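Lettering of chains follows the sequences in order, A, B, ..., and the numbering in each one begins at 1. The structure presented is a predicted model; accordingly, all values stated were derived computationally and were not measured.
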Protein chains: 2
Amino acid sequence: MLLAPGSTPRIRITRQRQIILDELCSVTSHPTADDLYQMVRRKLPRISLGTVYRNLETMAELGMIQKLEVGGTQKRFDGNAATHYHVRCQRCGRVDDLDLGLIAGVEKEAAAKTRFAILRHRLEFTGLCPECQKKL
Amino acid sequence: MLLAPGSTPRIRITRQRQIILDELCSVTSHPTADDLYQMVRRKLPRISLGTVYRNLETMAELGMIQKLEVGGTQKRFDGNAATHYHVRCQRCGRVDDLDLGLIAGVEKEAAAKTRFAILRHRLEFTGLCPECQKKL
DNA sequence: ATAAAAATAGTAATCGTTATCAAAAAAGAG
DNA sequence: CTCTTTTTTGATAACGATTACTATTTTTAT
Ligand SMILES: [Mn+2]
Ligand SMILES: [Mn+2]
Ligand SMILES: [Zn+2]
Ligand SMILES: [Zn+2]
């Protein structure tokens, strides 16, 4: 039987999807899709890289996780879906969370200066991580 | 900007480099490498895409221009090398400058919360441009 | 003018990501 | 349960932005 018009198709909880989410939420690093692939393969050795990409994309669209478009060649993922800020090491690419409160009213300020409708903001710091400071 | 002969023994003044820089500085949009390639080809029809990429990279490393790692698949370039903020339309990808003063002391605040050495920061707003607001 | 260094055009290679698709799994109705 | 429909998967191909390569040309220094 067909679904009733207007009904929302359910998102199925597959073993693959659950483990990808579990692995992502178990770390505070901000792994790339390939990082996650390596992590998940320890529990599901037959999973394909495409499945990892597909599910990360789906979960990001549903707002369960965040896709981070920080610098570098690869995108990173964040199990914390709430807005928060990051620091990225310009030498090794490490990305850490920053325990800095959200800048109050900054979206309202921005909205007053543009005709764009502001939906969200992203603040990212660039610098050198402790390890890379030693090496330079 | 004018390339000064003799001031930097490493970088040479080529017609290609000067025109790429001129074209980038002549617009307030934030063109991709391919956008610039199309613009520059009107004046140098024989230039190669690789030359555009190579020179944008070089000039960004020298701090003459900015390479913007905003969302989307392609990187964008900015003839304004000074720190300033951007809004990006999440529907069409348009990137505008935001005439918003730099957030005072935010790098200092961040530095107090991390062991990273903070070098710079980037603030980007996401939203919908006027045209895309109409269409949705 | 000569030689050394750097940059170019043209092209191939790389690599992160998406798309495709037959097969498998999950959900629903009876 | 069985039968049917929808979603997801694994495998692989395709894509597209960027980078690498290289013989030749251009620029700069002597
Ligand atoms: Mn985070
Ligand atoms: Mn700008
Ligand atoms: Zn580092
Ligand atoms: Zn738009």
Side-chain angles (χ1 to χ4, degrees), chain A residues 1-21 23 30-62 64-77 93 95, chain B residues 2-21 23 30-38 40-62 64-77 93 95:
Chain A
M1 174 68 83
L2 291 170
L3 286 169
S7 68
T8 310
R10 276 194 53 185
I11 296 304
R12 294 178 179 173
I13 302 170
T14 62
R15 189 160 160 66
Q16 290 86 340
R17 190 165 288 156
Q18 185 66 59
I19 292 181
I20 291 167
L21 184 58
E23 289 296 312
H30 298 81
T32 64
D34 199 72
D35 290 339
L36 256 330
Y37 177 53
Q38 303 304 334
M39 292 159 70
V40 171
R41 279 218 288 182
R42 293 186 216 121
K43 296 186 175 171
L44 288 176
R46 306 279 309 165
I47 200 170
S48 80
L49 179 58
T51 297
V52 174
Y53 270 105
R54 192 180 336 106
N55 281 300
L56 289 171
E57 189 62 38
T58 301
M59 292 191 287
E61 275 169 13
L62 293 175
M64 301 165 64
I65 65 173
Q66 268 191 274
K67 190 202 277 193
L68 302 182
E69 318 230 35
V70 300
T73 54
Q74 297 171 72
K75 287 174 185 164
R76 290 168 174 275
F77 295 86
V95 176
Chain B
L2 206 67
L3 295 171
S7 65
T8 48
R10 295 183 49 84
I11 190 163
R12 292 178 176 176
I13 309 161
T14 63
R15 187 159 162 68
Q16 289 87 340
R17 187 165 288 155
Q18 184 68 60
I19 291 181
I20 291 167
L21 184 58
E23 289 296 310
H30 298 83
T32 63
D34 199 72
D35 290 338
L36 256 331
Y37 176 52
Q38 303 304 334
V40 171
R41 278 218 288 181
R42 297 199 282 259
K43 294 187 176 171
L44 288 177
R46 305 281 307 169
I47 198 170
S48 80
L49 180 57
T51 297
V52 174
Y53 270 105
R54 192 182 338 105
N55 280 298
L56 288 171
E57 189 62 38
T58 301
M59 291 190 287
E61 275 169 13
L62 293 175
M64 301 165 65
I65 64 174
Q66 269 191 275
K67 189 201 278 192
L68 301 182
E69 318 230 33
V70 300
T73 53
Q74 298 171 71
K75 287 173 185 165
R76 290 168 174 275
F77 295 86
V95 176

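- The shortest side-chain heavy-atom distance between Glu69(A) and Val70(B) does not fall under the 4.5 Å cut-off.
- Looking at the side chain of Ser48(A), the nearest of the listed nucleotides dG10(D), dT18(D), dT17(C) is dG10(D).
- Where the helix from dA1(C)-dT30(D) to dG30(C)-dC1(D) starts and where it ends, the local axes point in directions that differ by 40°; five pairs per end, rounded to 10°.
- Of the inter-residue distances, the one linking Ile19(A) atom CD1 with Leu36(A) atom CG reads 12.0 Å to the nearest 0.5 angstrom.
- With rounding to whole Å, Leu21(A) atom CG is found 15 Å from dT8(D) atom P.
- Distance CG/Asn55(B) to CD1/Ile11(B): 7.0 Å, rounded to 0.5 Å.
- In this structure, Thr14(A) reaches the dT9(D) phosphate: one of its side-chain N or O atoms is under 4.0 Å from OP1 or OP2.
- Between Thr51(A) and dG10(D) there is a side-chain polar atom (N or O) within less than 4.0 angstrom of OP1 or OP2.
- Between Ile13(A) atom CD1 and dT9(D) atom C1' there is a gap of 17 Å when expressed in whole angstrom units.
- For the pair Asn55(B) CG and dT8(C) C1', the interatomic distance rounds to 9 Å; values are reported in whole Å.
- For the pair Arg17(A) and Met59(A), the minimum side-chain heavy-atom distance is below 4.5 Å.
- Atom pair Ile11(B):CD1 and dA29(D):P shows a separation of 14 Å (rounding to whole Å applied).
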Worked check of side-chain contact (heavy atoms from CB on, under 4.5 Å) between Glu57(B) and Lys67(B): CA-CA 8 Å; Glu57(B) 189 62 38; Lys67(B) 189 201 278 192; 2.6 Å; yes
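- We find that CD1 of Ile19(A) is positioned 11 Å from P of dT9(D), with the value rounded to whole Å.
- With rounding to whole Å, Met59(B) atom CE is found 16 Å from dA6(C) atom C1'.
- Within a 6.0 Å sphere centred on CD1 of Ile13(A), heavy atoms belonging to other residues, nucleotides or ligands number 12 at most.
- In this structure the side chain of Ile47(A) reaches within 4.5 angstrom of the side chain of Ile20(A), judged on heavy atoms.
- In this structure, of dT9(D), dA9(C), dT18(C), it is dA9(C) that holds the atom nearest to the side chain of Gln16(B).
- Here the side chain of Arg76(B) pairs no donor or acceptor atom with the backbone of Leu68(B) at under 3.5 angstrom.
- Scanning both residues, Ser48(A) and Tyr37(A), for their nearest heavy atoms gives C-CE1, 3.8 Å.
- Contact annotation: Tyr53(A) does not reach the phosphate of dT18(C) (side-chain N/O to OP1 or OP2, under 4.0 Å).
- Regarding Arg54(B), its CZ atom lies at a distance of 13 Å from the C1' atom of dT11(C), rounded to whole Å.
- Between Arg12(A) and dT6(D), a side-chain N or O to OP1/OP2 separation shorter than 4.0 Å is absent.
- Nearest-nucleotide mapping onto DNA chain D: of Arg15(B) and Lys75(B), the residue sitting toward the 5' end is Lys75(B).
- Between the CD atom of Gln18(A) and the C1' atom of dA26(C) there is a distance of 15 Å, rounded to whole Å.
- Across residues 34-46 of chain A, Arg46(A) each have a non-hydrogen atom less than 4.0 Å from an atom of DNA chain D (numbered order).
- Residue Phe77(B) is tested with Leu56(B), Thr32(B), Asp35(B) for a side-chain contact (heavy atoms from CB on, under 4.5 Å); the sole match is Leu56(B).
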